[in-house]
There are 2 protein chains.
Amino acid sequence: MDNGKSDDVFLSILDSAKNRFCRYGLKKTTMTEIARDIGLSKASLYYYFPNKEELFKEVVKEVYRTLLNEFEGLLSSSVPAEDLLHGYLEKRLIYFREFVHLSALSLESINSLKPVYARLFENFRKKEIRLVGEILAKGIAAQDFQNLDVAYFSDLFIAIFQGLRHNVIVKKDTVNITETEYSLLRKQYESAFNMFMKGIKK
Amino acid sequence: MDNGKSDDVFLSILDSAKNRFCRYGLKKTTMTEIARDIGLSKASLYYYFPNKEELFKEVVKEVYRTLLNEFEGLLSSSVPAEDLLHGYLEKRLIYFREFVHLSALSLESINSLKPVYARLFENFRKKEIRLVGEILAKGIAAQDFQNLDVAYFSDLFIAIFQGLRHNVIVKKDTVNITETEYSLLRKQYESAFNMFMKGIKK
DNA sequence: CATTTGACTTTTTTAGTTATAAAGTCAAAA
DNA sequence: TTTTGACTTTATAACTAAAAAAGTCAAATG
């Protein structure tokens with residue numbers, strides 16, 4: 001590792017933390033639990049991470065990084081822009097189901113979420129927008145899409161689907177998604193996607 | 001009034017309550033304040049309303065009733081279905097700005113909103129869906145729209161715009177909407193509407 | 001020398017308590 | 001019929017003590 005610390009331990013901490021944070025959220029996960037998971041003492045965690053918040057941020061970043069990498073992977077393939085967008089949505093949906101707790105965290109902000117996390121999410125959102133923007137630009141270059149305002153439409157695209165996701169979380173008291181809700185969301189994604197396509201295709 | 005009580009007082013209580021609930025929300029409004037507004041003692045309120053919760057529900061219902069009436073008014077006019085939908089969105093947007101606190105209440109449910117209110121909102125949503133459904137049916141009958149699944153598409157329509165509204169509330173800690181946010185939302189409404197139209201028109 | 005730890009301090013949460021404010025009642029008055 | 005002051009009950013806020021979790025560090029381990 002960069003700073004000369006064991007990769008193995010570092011990664012196993014990150015892994016246990018990811019599992020717990022994703023299942024129970026930030027507050028309901030303790031450092032002691034994470035430590036126990038990997039058979040270390042709590043003090044050891046502090047050898048690798050300065051504090052809980054940094055560990056959490058690292059987990060979120062890691063999850064985002066993975067997702068963004070998958071997105072990038074999509075982008076490099078030479079399929080039509082429409083399929084890229086569709087592929088992006090598919091991955092976004094799967095990610096949503098797996099990491100609802102991280103997504104729901106952005107909703108906690110209503111009460112009082114640390115601006116630190118707000119910035120994390122905002123960062124990710126910006127990268128998503130840029131990515132969608134690239135896809136849109138690709139579609140325009142290939143004469144598939146109209147010559148539209150890329151910045152605005154990628155923002156709108158993200159907003160529509162984020163909104164649909166919010167609807168799912170908001171009406172619930174617990175952050176657990178049933179199969180029914182998930183498949184309805186997927187259907188809405190599909191319809192909204194088709195409309196969006198009709199709206200921007202040549 | 002139905003039960004033989006003064007209309008005047010009843011309505012002025014409702015009015016003061018509406019103003020306070022809309023500005024400060026349910027919890028930050030006290031019965032004493034409402035009473036003071038209209039120069040009565042708190043005890044008098046209980047002559048007209050059994051309790052605070054019923055008063056609040058009455059206010060919400062009243063607001064909804066007004067809005068739904070305006071919607072109905074739209075429906076009876078003989079303009080094309082597309083214009084009806086557009087008019088509906090316009091009113092919905094204005095209503096949103098004016099009654100954010102009532103809308104935001106649905107978001108409070110993340111913590112633990114009384115199922116009573118959840119039912120209120122769900123009721124209203126159903127009526128909205130039915131209304132949009134009627135407009136869609138009208139458009140289909142007039143051969144303007146494709147022969148689509150009315151129930152599903154009216155639900156989708158409502159979901160998309162509700163989602164966009166949620167986005168606005170969710171990223172804030174206070175429930176106050178700036179002019180910038182509002183006009184961005186309006187722009188998104190406009191774009192999403194155009195796409196939806198392209199998606200369902202013949 | 002990198003890594004781990006137990007034993008420690010500090011900070012945050014929780015549970016329980018009290019004080020205060022608001023909700024809600026009612027017999028009497030206007 | 002409507003209003004009210006004086007009341008009781010219930011909910012909220014402010015405070016506290018106890019418990020739990022976060023975070024530190026000198027010493028131990030290998």
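Treat the numbers as computed from the prediction; the structure is a model and nothing was measured. Here is how names work: the chains are called A, B, and so on, in the same order as the sequence lines, proteins then strands, and each is numbered from 1.
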Terminal axis angle for the helix from C:dC1-D:dG30 to C:dA30-D:dT1, five pairs an end, nearest 10 degrees = 40°
Side chain to side chain contact (heavy atoms under 4.5 Å, CB included) involving B:K126 - partner list, sequence neighbours excluded = B:E122
query = Can you check the B:K52 NZ to D:dT10 C1' distance for me, whole Å?
reply = 13 Å
task = Return yes if some donor-acceptor pair links the side-chain N/O of A:E54 with the main-chain N/O of A:N51 below 3.5 Å, else return no.
result = no
inquiry  = Determine whether a donor-acceptor pair (N or O, by modelled atom type, separation under 3.5 Å) exists between the side chain of A:S44 and the backbone of A:L40.
reply    = no
key: B:F21 side chain reached by B:V63 side chain, heavy atoms, under 4.5 Å   = no
query = Can you list, by residue number, the residues of residues 29-37 of chain A that have a non-hydrogen atom closer than 4.0 angstrom to DNA chain C?
reply = none
Length of the line joining A:Y46:OH and D:dG23:P, which is rounded to integer Å = 4 Å
message = Can you confirm whether A:R23 is buried at CZ, in the sense that more than 12 heavy atoms of other residues, nucleotides or ligands lie under 6.0 Å from that atom?
response = no
ask   = CZ of B:F10 versus P of D:dT2: gap in Å, rounded?
value = 12 Å
ask   = Can you check the A:D8 CG to C:dT4 P distance for me, whole Å?
value = 10 Å
request  = Take the protein atom OH of B:Y48 and the nucleotide atom P of D:dT1, then report the distance between them rounded to whole Å.
outcome  = 12 Å
request  = Examine distances only and state if a side-chain atom of B:Q162 and a backbone atom of B:R125 form a donor-acceptor pair shorter than 3.5 Å.
outcome  = no
Nearest-angstrom distance from the residue atom CZ of A:F49 to P of D:dA22 = 15 Å
message = Taking the basic N atoms (NZ, or NE/NH1/NH2) and the acidic carboxylate oxygens, is any pair closer than 4.0 Å for B:D37 and B:R20?
response = yes
task = Taking side chain to side chain contact (heavy atoms under 4.5 Å, CB included) as the test, write out the residues that go with A:N123, two or more places apart.
result = none
key: Beyond-backbone contact of B:I158 with B:Y88, side-chain heavy atoms, under 4.5 angstrom   = yes
query = With sequence neighbours left out, what residues match A:F153 under ring-ring contact (aromatic ring centres under 6.0 Å, His included)?
reply = none
Six-ring centre of A:Y152, B:K187 cation under 6.0 angstrom, axis tolerance 45° = yes
inquiry  = Generate the contact string for nucleotides 5-14 of chain C. Rules: B means base contact, S means sugar-phosphate contact only, - means no protein heavy atom under 4.0 Å.
reply    = BB--------
